[in-house]
Amino acid sequence: MKKGLIGIAGLLLILLLAACNNSISNEKEATEVKDIKELVHDYSIGSFEDVSASITSHELIITDSNKKETAYDLPEDEFIVSIAPFVKETHECAIHSLTGCQGELVEKEFDVHIEDEVGNVIVDETMTSFENGFIDLWLPRDKTYQVKIEYDGKTAESQISTFKGDNTCITTMQLM
């Protein structure tokens with residue numbers, strides 16, 4: 001009888017430790033996602049002289065003044081896209097340079113509306129572009145979206161997607 005109770009107690013202890021370990025692992029993943037998002041945001045809004053940062057569909061790549069690259073994985077379920085709506089001036093871009101790309105409309109308020117392919121509203125809010133003229137959006141991966149941006153009585157609409165290899169820099173949304 002005692003051996004049976006000891007065996008059950010041991011099994012419960014193993015399950016408890018496994019659950020705690022899983023909880024710690026989940027907390028660590030959540031912290032890492034938060035940290036990478038903060039790092040991306042810091043590079044988007046900061047001015048860095050000795051470093052450059054770009055973002056692909058799956059990595060944040062930091063290059064220091066010695067040309068040494070450090071890559072950070074982005075969240076598996078989220079995709080960052082940086083959009084620079086414009087009226088007159090833009091530039092061609094596919095991979096967003098957080099420290100180099102410059103949009104025309106700096107620190108302006110935009111009404112941003114994004115729906116997925118089945119009509120679910122993902123974003124419907126007023127957003128302000130950064131000093132670099134871009135709006136950064138974290139969207140669910142592996143989907144196609146309809147994006148509508150309004151500013152000063154003008155509108156731009158576009159379809160974007162968040163699949164591996166898709167553009168992280170959208171500079172084609174001309175407000176008319």
Side-chain angles (χ1 to χ4, degrees), residues 29-48 51-63 69-152 154-176:
E29 286 177 27
T31 299
E32 287 173 0
V33 167
K34 181 182 175 205
D35 290 347
I36 194 71
K37 285 183 172 183
E38 287 177 2
L39 191 58
V40 168
H41 180 73
D42 289 347
Y43 280 107
S44 288
I45 64 168
S47 57
F48 297 88
V51 68
S52 66
S54 59
I55 197 150
T56 70
S57 63
H58 280 75
E59 291 182 317
L60 167 64
I61 302 166
I62 310 297
T63 307
E69 284 188 1
T70 304
Y72 300 90
D73 290 333
L74 297 179
E76 290 182 18
D77 59 343
E78 291 180 282
F79 186 102
I80 186 166
V81 61
S82 298
I83 301 175
F86 72 100
V87 175
K88 295 178 184 174
E89 296 178 27
T90 191
H91 65 279
E92 285 189 36
C93 191
I95 304 297
H96 184 53
S97 171
L98 299 168
T99 55
C101 285
Q102 182 63 51
E104 174 186 13
L105 301 171
V106 173
E107 297 178 332
K108 303 294 183 190
E109 284 192 354
F110 299 92
D111 292 322
V112 179
H113 185 87
I114 301 176
E115 292 183 10
D116 67 13
E117 57 268 309
V118 294
N120 296 316
V121 175
I122 306 302
V123 176
D124 190 15
E125 63 184 271
T126 300
M127 304 179 85
T128 303
S129 61
F130 300 131
E131 280 186 39
N132 66 2
F134 281 81
I135 302 165
D136 286 352
L137 298 156
W138 288 93
L139 300 172
R141 284 188 180 274
D142 302 327
K143 294 189 179 227
T144 301
Y145 299 96
Q146 287 302 127
V147 179
K148 181 178 180 181
I149 297 178
E150 296 178 294
Y151 166 76
D152 197 27
K154 296 173 172 55
T155 302
E157 294 187 54
S158 184
Q159 181 175 298
I160 65 169
S161 57
T162 59
F163 295 93
K164 186 172 184 169
D166 280 344
N167 292 352
T168 57
C169 189
I170 309 297
T171 57
T172 55
M173 294 188 69
Q174 184 170 16
L175 295 152
M176 301 178 138

Practice task
Please state whether the rings of H41 and F130 are parallel, tilted or perpendicular, taking 30° and 60° as the class boundaries.
Solution key: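 Correct class here is perpendicular.
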How about [X] and [Y]: do any of their side-chain heavy atoms sit closer than 4.5 Å?
{"X": "I61", "Y": "T56", "answer": "yes"}
{"X": "M176", "Y": "K154", "answer": "no"}
{"X": "C169", "Y": "C101", "answer": "yes"}
{"X": "P85", "Y": "Y151", "answer": "no"}
{"X": "L74", "Y": "I36", "answer": "yes"}
{"X": "F110", "Y": "L175", "answer": "yes"}
{"X": "Y43", "Y": "I62", "answer": "yes"}
{"X": "L60", "Y": "L98", "answer": "yes"}

Supply the atom-to-atom distance [X] [atom1] to [Y] [atom2], rounded to the nearest 0.5 angstrom.
{"X": "L137", "Y": "I80", "atom1": "CG", "atom2": "CD1", "result": "8.0 Å"}
{"X": "H113", "Y": "I122", "atom1": "NE2", "atom2": "CD1", "result": "9.5 Å"}
{"X": "F79", "Y": "I55", "atom1": "CZ", "atom2": "CD1", "result": "9.0 Å"}
{"X": "F163", "Y": "S57", "atom1": "CZ", "atom2": "OG", "result": "11.5 Å"}
{"X": "L139", "Y": "D77", "atom1": "CG", "atom2": "CG", "result": "11.5 Å"}
{"X": "I83", "Y": "I114", "atom1": "CD1", "atom2": "CD1", "result": "5.5 Å"}

Can you give me the closest heavy-atom contact between [X] and [Y], atom names plus distance?
{"X": "C93", "Y": "N167", "answer": "O-ND2, 4.2 Å"}
{"X": "E131", "Y": "E107", "answer": "CG-OE2, 3.2 Å"}
{"X": "A71", "Y": "E59", "answer": "CB-OE2, 3.5 Å"}
{"X": "P140", "Y": "Y145", "answer": "O-OH, 2.8 Å"}
{"X": "A156", "Y": "Q174", "answer": "CB-O, 3.4 Å"}
{"X": "F134", "Y": "G103", "answer": "CE1-N, 3.7 Å"}

Is a side-chain donor or acceptor of [X] paired with a backbone partner of [Y] at a separation under 3.5 angstrom?
{"X": "E104", "Y": "E89", "value": "yes"}
{"X": "T168", "Y": "H96", "value": "yes"}
{"X": "E109", "Y": "T126", "value": "no"}
{"X": "T99", "Y": "A53", "value": "yes"}
{"X": "T90", "Y": "T172", "value": "no"}
{"X": "R141", "Y": "K164", "value": "no"}
{"X": "S158", "Y": "M173", "value": "no"}
{"X": "Q102", "Y": "N132", "value": "yes"}
{"X": "T162", "Y": "D142", "value": "yes"}

